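Residue numbers start from 1 in every chain, and the chains themselves are labelled A, B, ... in the order their sequence lines are given, proteins ahead of strands. Everything numeric in this text was worked out from a predicted model, so none of it was measured.
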Amino acid sequence: MQVSIYNTMSRSVEPFVPLSSDTVGMYCCGPTVYNYAHIGNLRTYIFEDLLHRILTYSGYDLTHVMNITDVGHLSDDGDEGEDKMERRSRESGMSVYDIARMYTQSFFNDTGSLNIITPDITCKATDHIQEMIDLIMRLEERGHTYISGGNVYFSIDTFPQYGRLARLKLDQLSSGARIEVDENKRNPKDFVLWFTKGKFENQAMKWDSPWGVGYPGWHLECSAMSMKYLGDSFDIHCGGIDHVSVHHTNEIAQSEAATGKEWVKYWVHGEFLIDETGKMSKSKGDFLTLSLLIDKGFDPLDFRYFCLTGHYRSQLIFSWASLQAARGGRINLKKQIQAIRKASDDIRKPVASNEAQAILDEFETHIATDLHIPQALAVLWKLVKDKEIDPAEKLSLIENMDSIFALDLLQEERQEDDPVPEEILALVQKRTEAKKNRDFTQADSLRDEIREKGYAVKDTKDGVEITRTV
RNA sequence: GGUGCCGUACCCAAGUGGUAAGGGACAGGUCUGCAAAACCUCUAUGCAUCGGUUCGAAUCCGAUCGGCACCUCCA
């Protein structure tokens, strides 16, 4: 199975050819743990999970690395603002380390319930300060840095290819159009590698360094940690589309300036999930979390299914109605699959028929071609509805496909554990009596009464079925 | 101001030169005392608008209108 993927560097879909024949290294920008992840963040991790699964499915020995940013994020004003972790700490009264621990835990709860495979290596920025300092020293030796106003800066004028990924036209950028330019910078696009400015006297996170006590610049951690775990050059670097112009641009500059080698072969970026008002942003205040979806009665996999219906390089518009539609689709899909299990006595047979093989080929072509998941999902529906293929063969195909979709397609849907209250049972009993006496007016009014109390009654061959509606 | 992306049915959405995937919703049918469930069937001569290229355009080119993103921290 030949995988192809869109490379932001070339702005085209390229055949995936690993640097080394037997292993693939993939680094994904992880969460900043000063707050809950919103569902826009989670869309990106779902996309990366799909890529992870497709590479594994294709037989590659994958090493997937993700960072946890628990330090050094500035809230605004370029390199001037307050650290987000610090602010959160001040607001909540918790220590910065407790904040990080709490939101890291919450992040993995979310990704776990979305069936996102935890990366092989997850690494915290605060555990890799020494690696970052070492990287700055390498840059210093090669003449890419300067010290000004107490901070160590990277000088982009020493790196002629600066901005290649984002195709920046440096002379036409209006730096400072929206923010104040840091007067310590020689070039407005220079960025901080190490802060020592005693701006925040009570800064909780600070470390000793050859340039004084301080803390690292934001971009540094990804360069230092990815190279530690994956080497000076590796295959894939993922992240959100917003990282192209600043974060990844700066990462490339400092990494390649330090090693003199090409750092990453394939740059893969996921588009945003937006709502009617546009981009989701934590800084807007209120934002949508997975817990909120769950509180509203959705299954986390409803959201995963929703993400699967759009291509990762297109913006996806979130609304409650769309999520409801995804929920309906996912539940119907599972119902159909349950029927297939029944029809085959839950026995699986390997793909043998031409029809089944054709479906499998179609599926693999779609997933291998720049993550065409929506088409792959359509193939699954085609399989489920097919009238020719042996149900036992279908089951093994579904199981195979679910290794990518990860929608728990072969598991029973969770049942409500709450017992039906006595009051409802009594009403249902009364209705059954009324029906027996062919008093349908009475039976129907009882059904209405039960519905008003939040339960639906269904008459089936095997008796009455009661389900909760609220 | 600079740069890029997008506009497909009631909603979400795939499709990037060969005659519009898929899901949800809606409607009709079978079944049922009636419902529900299940099953079956149906829903864009049309892809923002206008013009152009082509045997052929949702797909390529140009213009216009509308939306979004990036150039600040951000998935």
Is the phosphate of B:rA14, meaning OP1 or OP2, less than 4.0 Å from a side-chain N or O of A:His372? no

Both distances below 3.5 Å, Watson-Crick or wobble geometry, any strand: find the nucleotide opposite B:rA37. none

Under 4.0 Å, counting only non-hydrogen atoms across every strand here, what does A:Gly239 touch: a base, just sugar-phosphate, or nothing? sugar-phosphate

Do A:Arg313 and B:rC5 have a side chain to base donor-acceptor pair shorter than 3.5 Å? no

Could you tell me which nucleotide pairs with B:rG62 by Watson-Crick or G-U wobble geometry, both distances under 3.5 Å, or answer none if nothing does? B:rC50

What is the distance, rounded to the nearest whole Å, between atom CG of A:Asp242 and atom P of B:rC73? 10 Å

Indicate whether OP1 or OP2 belonging to B:rA14 is found under 4.0 Å from a side-chain N or O atom of A:Ser314. yes

Ranking A:Thr441 and A:Thr44 by the position along RNA chain B of their nearest nucleotide, the one closer to 5' is A:Thr441

Nearest to the side chain of A:Lys189, heavy atoms from C-beta on, is which of B:rU72, B:rG22, B:rA75? B:rU72

Determine the interatomic distance between C1' on B:rA14 and the same-named atom on B:rA20; round to the nearest Å. 10 Å

Taking A:Lys430 for its side chain and A:Gln442 for its backbone only, find out whether a donor-acceptor pair lies under 3.5 Å. no

Base, sugar-phosphate alone, or nothing: which one does A:Arg11 contact when heavy atoms must sit under 4.0 Å apart? nothing

A:Arg53/A:Asp49 under salt bridge (charged side-chain N to carboxylate O under 4.0 Å, His left out): CA gap, chis, key distance, verdict: CA-CA 6 Å; A:Arg53 289 169 181 274; A:Asp49 181 61; 2.8 Å; yes

Give one of base, sugar-phosphate or nothing for A:His243, where a contact means two heavy atoms less than 4.0 Å apart. sugar-phosphate

Encode nucleotides 36-42 of chain B as B, S and - characters from 5' to 3', where the letter depends on protein heavy atoms closer than 4.0 Å: B to the base, S only to sugar-phosphate, - to neither. BSS-S--

Which part of the nucleic acid, if any, lies within reach of A:Arg167 when heavy atoms closer than 4.0 Å are counted: base, sugar-phosphate only, or nothing? nothing

Any donor-acceptor pair under 3.5 Å from A:Asp275 side chain to A:Phe318 backbone: no

Rounded to the nearest angstrom, tell me the gap between atom CZ in A:Phe298 and atom C1' in B:rG24. 12 Å

Just to be sure I understand the rule, does A:Leu333 reach a base, reach only the sugar-phosphate, or reach nothing, if contact means heavy atoms closer than 4.0 Å? nothing

Could you please name the partner base of B:rG1, counting Watson-Crick and G-U wobble pairs only when both distances are under 3.5 Å? B:rC71

Phosphate-side-chain proximity, A:Thr32 and B:rA75, N/O vs OP1/OP2 below 4.0 Å: yes

Whole-Å distance separating the CZ atom of A:Arg304 from the C1' atom of B:rG23: 17 Å

May I ask you to verify if any side-chain N or O of A:Gln375 is less than 4.0 angstrom from the OP1 or OP2 atom of B:rG15? yes

Using a cut-off of 4.0 Å on non-hydrogen atoms, how would the nucleic acid contact of A:His311 be classed: base, sugar-phosphate, or nothing? sugar-phosphate

Any salt bridge between A:Asp302 and A:Arg327, counting N to O under 4.0 Å? yes

Taking for A:Tyr45 and for A:Gly329 the nucleotide of RNA chain B with the nearest heavy atom, the one nearer the 5' end belongs to A:Gly329

So, does A:Thr249 use its side chain to make a donor-acceptor pair with the main chain of A:Val244 at under 3.5 Å? yes

For B:rA48 versus B:rA9, give the span between their P atoms, rounded off to a whole number of Å. 8 Å

Would you say CZ of A:Arg167 has more than 12 non-hydrogen atoms from neighbouring residues, nucleotides or ligands within 6.0 angstrom? yes

Listed nucleotide nearest any side-chain atom of A:Val246, set B:rC71, B:rC12, B:rA75: B:rC71

When the distance from CG of A:Leu165 to P of B:rU3 is rounded to whole Å, what number comes out? 18 Å

Could you measure between the two C1' atoms, the one in B:rC70 and the one in B:rG23, and give it in whole Å? 32 Å

Apply salt bridge (charged side-chain N to carboxylate O under 4.0 Å, His left out) to A:Asp346 and A:Arg341, showing your working. CA-CA 5 Å; A:Asp346 215 9; A:Arg341 285 179 67 173; 3.0 Å; yes

Tell me if the aromatic rings of A:Phe298 and A:Tyr305 count as close, with their centers under 6.0 Å from one another. no

